Number of protein chains: 2
Amino acid sequence: MSSETWSSATCASDEQSCRHGRSAVGCAACTVRFVSVCDALTSDELAELESLSRHVSHGPRETVFTQDEAASAVYNITEGAVRLVRLLPDGRRHITGFALVGDFLGLALPERHTTTAEALSHVTLCRFERRAFQDLVARKPHLLQRLHERAGYELGLAQDQMLLLGRRGAEEKVASFLLTLRGRYARIGLTSVTLELPMGRQDIADHLGLTIETVSRTLTRLDRDRTILIVPGGVRLLDLPRLERLGG
Amino acid sequence: MSSETWSSATCASDEQSCRHGRSAVGCAACTVRFVSVCDALTSDELAELESLSRHVSHGPRETVFTQDEAASAVYNITEGAVRLVRLLPDGRRHITGFALVGDFLGLALPERHTTTAEALSHVTLCRFERRAFQDLVARKPHLLQRLHERAGYELGLAQDQMLLLGRRGAEEKVASFLLTLRGRYARIGLTSVTLELPMGRQDIADHLGLTIETVSRTLTRLDRDRTILIVPGGVRLLDLPRLERLGG
DNA sequence: CGCACACTTGAGTCGGCTCAACCCTCGTGG
DNA sequence: CCACGAGGGTTGAGCCGACTCAAGTGTGCG
């Protein structure tokens, strides 16, 4: 039994969204609506979407869904962050990306999930049955349009990441990673000087194609020369211009 | 003036497809139709699509379109191959991928191209004005559906590539590259024992995040231990099991 | 206190990069 | 016909940065 199923059970879901947390008062009042695909819908359609949705939540390290398993649902993150993991036959793992608030999981509406999604912190999600969501999409071309735009954006991110992985240089990778994350936070309205890093060093390493030791060393070096300041749970970006010079 | 525009001019295009080459006898008889997005259309719709299309062709090293320039058109490759290049501010370049027969350029229908596309050999393409194509797509949800599926597939490829770039090992990278290419050729019905490599060593290096010397050395090593045989314009795969062991 | 876990730090190794020379083919022109 | 140069590819010597292995720090928690 997957933890996904488990969490659905713990969340006493009924017709409308359940009230187990501080969010979940309906799509119209959804805090992430304007940064998500739902933005494409009229209020009527929003109501229809809402009837399909169930809120689910997961604690840290729990699995939302697993690579290669049948994709019974797609998700929209309303709180927290998850890591998207690809496992190799030989045991090595790679983190294709980190999904933040407002991000959509299952954008391509695939038959089977291509990655495993694991919660980094406490995370809440809007869960849609895939078939029902697919039916809705088939009837609402502009929603599909929106999904497709988003997929194009993701494709661009993936290409940036490929570029990053190809050009070596640990410092470049780490600096660029921090800047990218900063940019994504800004995109959803979080512009704090302190950058939260909900993922561990090992996750960053597996994302950048480095080892945990190299990530750690690089961060401490950036800390030593006052480019960043390492704080519990994240970093403070002290010298943005230099960081941008390092990251490209 | 871009070479794209230039080529359009040399191809005396009129209502139907022009007859400058051995292809171009109309969408219904198109050799790449069943491996491309056009497969989603009925014959009526195909006729409509055809009225939007112009055949263009490019010689080796010519640019089809350039990164960051306004995307006036999207393309379907009917013959030949192109490389998709991303240029960095500091001059380094990365090849995000190689597009083969049947591949669609501009899948995400972007305002501006995210990569530069350069012909590797003589290449012919079906060219669609982006706006007109977009209008058609807006009226044909199942075509959009098909584009979106394809985008999902591309996203998967990009993730595989990220994984490849992250896990080091030149031998692994090269072996995997050859196998991936073989798989893509097979997908469009080309199952020859000899694998054509229309791209140069430098292109492979820029695609895999290696140097040209390392690519060359790795290929010669594979040649020496009889895993492959280097032939003009490509390689022959002699020991597939071993190659698969090397590539994952 | 003692354990677990995440992270940091150090010493030595190794694979791919750098720099440089060389080979081969092809096209051009004397 | 050969000389020449250009471009793509190959090969070699030495270096450097990231990995490996190993130990040490710090914090939270039972």
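These numbers come from a predicted model, not from an experiment. Labels below follow one simple rule: chain letters A, B, ... track the order of the sequence lines, proteins then strands, and each chain is numbered from 1.
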Will you find, in the side chains of Thr214(B) and Thr211(B), an N or O donor that is under 3.5 Å from an N or O acceptor?
yes
Taking atom types as modelled, is there a side-chain donor on Arg201(A) or Ser216(A) under 3.5 Å from an acceptor on the other?
no
Minimum heavy-atom separation for Leu165(B) and Leu208(B), please, with both atom names.
CD2-O, 3.1 Å
Nearest whole angstrom, please: distance from the [atom2] of [N] to the [atom1] of [X].
X	N	atom1	atom2	value
Ile230(B)	dT11(D)	CD1	C1'	13 Å
Leu197(B)	dG9(D)	CG	P	10 Å
Ile212(B)	dG12(D)	CD1	P	17 Å
Asp206(B)	dG9(D)	CG	C1'	15 Å

Apply side chain to side chain donor-acceptor pair (under 3.5 Å) to Arg242(A) and Thr227(A), showing your working.
CA-CA 7 Å; Arg242(A) 180 188 290 185; Thr227(A) 308; 3.2 Å; yes
How would you label the contact of Arg167(A) with the nucleic acid (heavy atoms, under 4.0 Å): base, sugar-phosphate, or nothing?
nothing
By the 4.0 Å heavy-atom rule, please label Thr220(A) as base, sugar-phosphate, or nothing.
sugar-phosphate
Thr180(B) side-chain N/O to Ser176(B) backbone N/O, donor-acceptor pair under 3.5 Å:
yes
Check the orientation of Phe128(B) and Phe104(B). Use parallel for under 30°, tilted for 30 to 60°, and perpendicular for over 60°.
parallel
Nucleotides 16-24 of chain D: protein proximity per nucleotide (B base, S sugar-phosphate only, - neither; heavy atom, under 4.0 Å):
--SSBBB--
Trace of the side chain to side chain donor-acceptor pair (under 3.5 Å) decision for Arg86(B) with Gln159(A):
CA-CA 9 Å; Arg86(B) 274 206 165 186; Gln159(A) 287 176 347; 3.1 Å; yes
With sequence neighbours excluded, residues passing side-chain hydrogen bond (donor to acceptor under 3.5 Å, both in side chains) with Ser121(A)
none
Distance under 4.0 Å to a non-hydrogen atom of chain A counts as contact; along DNA chain C, which nucleotides mark the start and end?
dA6(C) to dA11(C)
